[in-house]
> 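A single structure is presented below for examination.
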Amino acid sequence: MGRVSHATDAVHPAPAPPVVEGPRGSRLDSWWGALVSTPARQRAWRWGGPIAVTLLAAILRLWNLGDPHSLVFDETFYVKDGWSLLHLGYEGSWPATPDPAFNAGDVNTYTDSPTYVVHPPLGKWIIALGLAVFGAENSFGWRISVAVCGILGVLLISMIGTKLFRSTLLGTIAGFLFAIDGHAIVMSRVGILDGILMLFLLLGFGAFLLDREWHLKRLAERIAAREREGDEVLWGPAIWNRPWLVAAGVALGLATAVKWSGLYFLVAFALWTVLVDALARRRAGLPFWISAAILKQGLATFVLLVPVYLASYLVTWTGWFTSTNGYYRNWAQTDGTPWAGGLAWVPLTIQNFWHFEVSVYNFNVNEHSPHPYAANPFTWLFMIRPTQMYVNTISDGTGGCGEQTCYENITSVGNAAIWWAATAAIFFLVYRLIRKREWQVGIILMGMVGGYLPWLLFSGRTIFQFYTIAFEPYMILGLTFVIGMALGKRTDARRKRVAALWVVGAYLLLAVAVSVFFWPVWTAQPIPGWLLTLHYWLPTWR
């Protein structure tokens, strides 16, 4: 009996004592779970978080927006262009050195002679809306339209982050980081085009994000229906009902009508859409998934995307087309040579417009004029050479900074705690995409592909660090993805979860502290020289 008992013990050892798991989550998680425990409270949080950071953005962008009452940096072009557009329908010319008079309120010295411009008109029309409401004599009116675009950008990135990460908390963090970043603040408080471009690109990005979900659902439904009918599905259907794809085409057409760099975004996300379509058909088991995505669904995507893109771009030129005096409006009839041969049938108005566009292209690709704040795009991610938008010295003791000489600066330098962390996050996401192939990582990086990579081809041109506002939202989303990884889940072991909350909370507090410190040099607050010097963290920031 003893031997049998021992044998039995060997074959069926005594069960191990149960593993006692430690507590999960944190007290903060428990408190928050109780706070949003009802559907109504969850809905309030889903909207309340993004709205709260949007209100914060509004305060930071609208406070004392009219100061300085002086055209800063490229406001000298776009504000005056917007004002003449409002009255002429095209950009009129101004007398020599018009800025002092314009600053003083003499805003109607433009003439009906056209001036040469190198950017499409939509951004200037949007600036003109603020001028129409508040008047060109009011510097608040010069900047309010761009400020509204910056505020809406914070709301959009919050909503996109919530959708992308399926987390209101992460969406709110993305909006918060964008709201307090100095580069985003400056580019919302200066009346130039790039903040407007950022908004339309972000609208297009959001539309592509929604189209992905819309298309995947309908593709699966159509394939399942065909299979229930007993049909062999080789290519899969072409989905023509894609309203979000059409919306993306409109948004990117309007982005290109602000600056031509919107075209890069269209190309990048058109290719991304074809790739997403191909992978969806592959997962569905379709044998001809590559050819279907390119030749079948790809054709439908082109038809849905490109015509509305072109139409949205062209409609913004209505003022030029309906005028009789816009720049190059009568080129073929006067200084130029009308097309001949097989193109002789093209209306002269179209020939004139094409000549205008070609001349703008040639100007942009050949712009090499030296500028003290020109920045090579290879340095952009590291924020080596930010742009000084405004510099003023008050030496008579009236500056209000407590010293005889005070300095007022507007510098488009980002919050270093946010910017450099976001740069590191983007490089990490490249590695993450190779290893994990997560679609969220892919779409964020595609924003960088469309917004940043093409500029590397023009590193010899005269271009500036502030162009980065166009792709900064995707840097912020990349950083938020990493923050989400660091936070983990509410079901993590308590010790791990508490440590993660402390680390992320400390990082956000650091970002706030840096924003508070740099606020004066983002908003032209008068400060003494010794304090200004403390803001030059790199020698190239001077």
Side-chain angles (χ1 to χ4, degrees), residues 46-47 49-51 53-54 57 122 126 148-179 184 188 194-218 241-259 261-273 275-277 301 304-305 308-309 312 429 438-452 469-481 484:
R46 194 174 302 119
W47 285 104
I51 290 174
V53 294
T54 302
L122 179 59
I126 291 174
V148 169
C149 289
I151 294 165
L152 292 176
V154 171
L155 178 61
L156 264 179
I157 197 173
S158 299
M159 298 173 67
I160 287 171
T162 298
K163 180 73 173 179
L164 187 62
F165 305 126
R166 297 181 181 177
S167 167
T168 303
L169 175 62
L170 292 180
T172 301
I173 288 175
F176 175 73
L177 294 172
F178 200 43
S188 301
D194 299 79
I196 304 171
L197 171 66
M198 173 276 297
L199 179 64
F200 284 113
L201 292 179
L202 200 51
L203 283 168
F205 181 88
F208 279 113
L209 176 63
L210 293 172
D211 173 71
R212 175 188 178 276
E213 182 178 335
W214 177 280
H215 168 257
L216 293 179
K217 180 179 178 182
R218 279 148 187 81
N241 179 24
R242 297 179 70 168
W244 289 114
L245 193 62
V246 175
V250 172
L252 296 188
L254 296 178
T256 308
V258 177
K259 274 192 164 184
S261 50
L263 176 61
Y264 303 144
F265 219 79
L266 174 77
V267 173
F269 273 91
L271 295 175
W272 181 83
T273 300
L275 176 62
V276 168
D277 293 343
T301 296
L304 291 170
L305 193 60
V308 295
Y309 167 84
S312 300
L429 259 60
E438 295 152 312
W439 72 268
Q440 294 95 336
V441 173
I443 193 173
I444 292 171
L445 290 178
M446 193 54 68
M448 295 297 295
V449 168
Y452 174 54
I469 190 61
F471 61 79
E472 184 180 351
Y474 317 107
M475 296 180 67
I476 296 291
L477 288 172
L479 176 58
T480 304
F481 179 89

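Predicted model only: the values in this text are computed from it and were never measured. In this chain, numbering begins with 1 at the start of the sequence shown.
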> Restricting to ring pair (Phe, Tyr, Trp, His ring centres under 6.0 Å), what partner residues turn up for F471, sequence neighbours left out?
Y452
> Name all residues meeting the salt bridge (Lys or Arg N to Asp or Glu O under 4.0 Å) criterion together with R212; count only those two or more places apart in sequence or in a different chain, and write none if there are none.
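Per chain and number, R212 pairs via salt bridge (Lys or Arg N to Asp or Glu O under 4.0 Å) with no residue.
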> List the atom of S158, the atom of G175, and the distance in Å for their closest heavy-atom pair.
OG-CA, 3.2 Å
> Working to the nearest 0.5 angstrom, can you tell me the gap between I443 CD1 and Y474 OH?
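Between I443 CD1 and Y474 OH, I get 9.5 Å after rounding to 0.5 Å.
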> Tell me whether W272 contacts the main-chain N or O of G447 through its side chain, where contact means a donor paired with an acceptor under 3.5 Å.
no
> How many angstroms lie between CG in L254 and CG in L203, if you round to the nearest 0.5 Å?
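One finds 9.0 Å between CG of L254 and CG of L203.
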> What are the two closest heavy atoms between S261 and L197, and how far apart are they?
OG-CD2, 3.4 Å
> Of all heavy-atom pairs between M198 and P473, which one has the smallest distance, and what is that distance?
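Of all heavy-atom pairs spanning M198 and P473, the closest is CG-CG, 3.9 Å.
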> Do L245 and P243 have side chains that approach each other closer than 4.5 Å (heavy atoms only, starting at C-beta)?
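Not in contact.
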> Does W47 CH2 have over 12 foreign heavy atoms under 6.0 Å away?
no
> Please round to the nearest 0.5 Å and tell me the distance separating atom CE of M159 and atom CG of L209.
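Reported to 0.5 Å precision, the distance equals 11.0 Å.
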> Once you round to the nearest 0.5 Å, how far does CZ of R242 lie from CG of D277?
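If I round to the nearest 0.5 Å, the distance is 4.5 Å.
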> Taking the six-membered ring for Trp, is the centroid-to-centroid distance between F208 and F265 below 6.0 Å?
no
> Can you see which heavy atom on F481 is nearest to which on V441, and at what distance?
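It is CZ-CG2, 3.6 Å.
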> Which value, rounded to the nearest 0.5 Å, describes the distance between E213 atom CD and D211 atom CG?
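Going from the CD atom of E213 to the CG atom of D211 covers 10.5 Å.
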> Between I151 and T54, what is the shortest heavy-atom contact and its length?
CG2-CG2, 3.7 Å
> Counting C-beta onward and ignoring hydrogens, is there a side-chain heavy-atom pair between P50 and T172 closer than 4.5 Å?
yes
> If every non-hydrogen atom of L477 is compared with every non-hydrogen atom of F165, which pair is closest and at what distance?
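Heavy-atom minimum between the residues: O-CZ, 3.4 Å.
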> Are any of the side-chain heavy atoms of M446 and L271 separated by less than 4.5 Å?
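Result no, sub-4.5 Å side-chain heavy-atom pair not found.
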> How far does OG1 of T480 sit from CG of L164, to the nearest 0.5 angstrom?
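Between atom OG1 of T480 and atom CG of L164 there are 9.5 Å.
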> Which is it for L201 and L252 under the side-chain contact (heavy atoms from CB on, under 4.5 Å) test, yes or no, and what are the steps along the way?
CA-CA 6 Å; L201 292 179; L252 296 188; 4.0 Å; yes
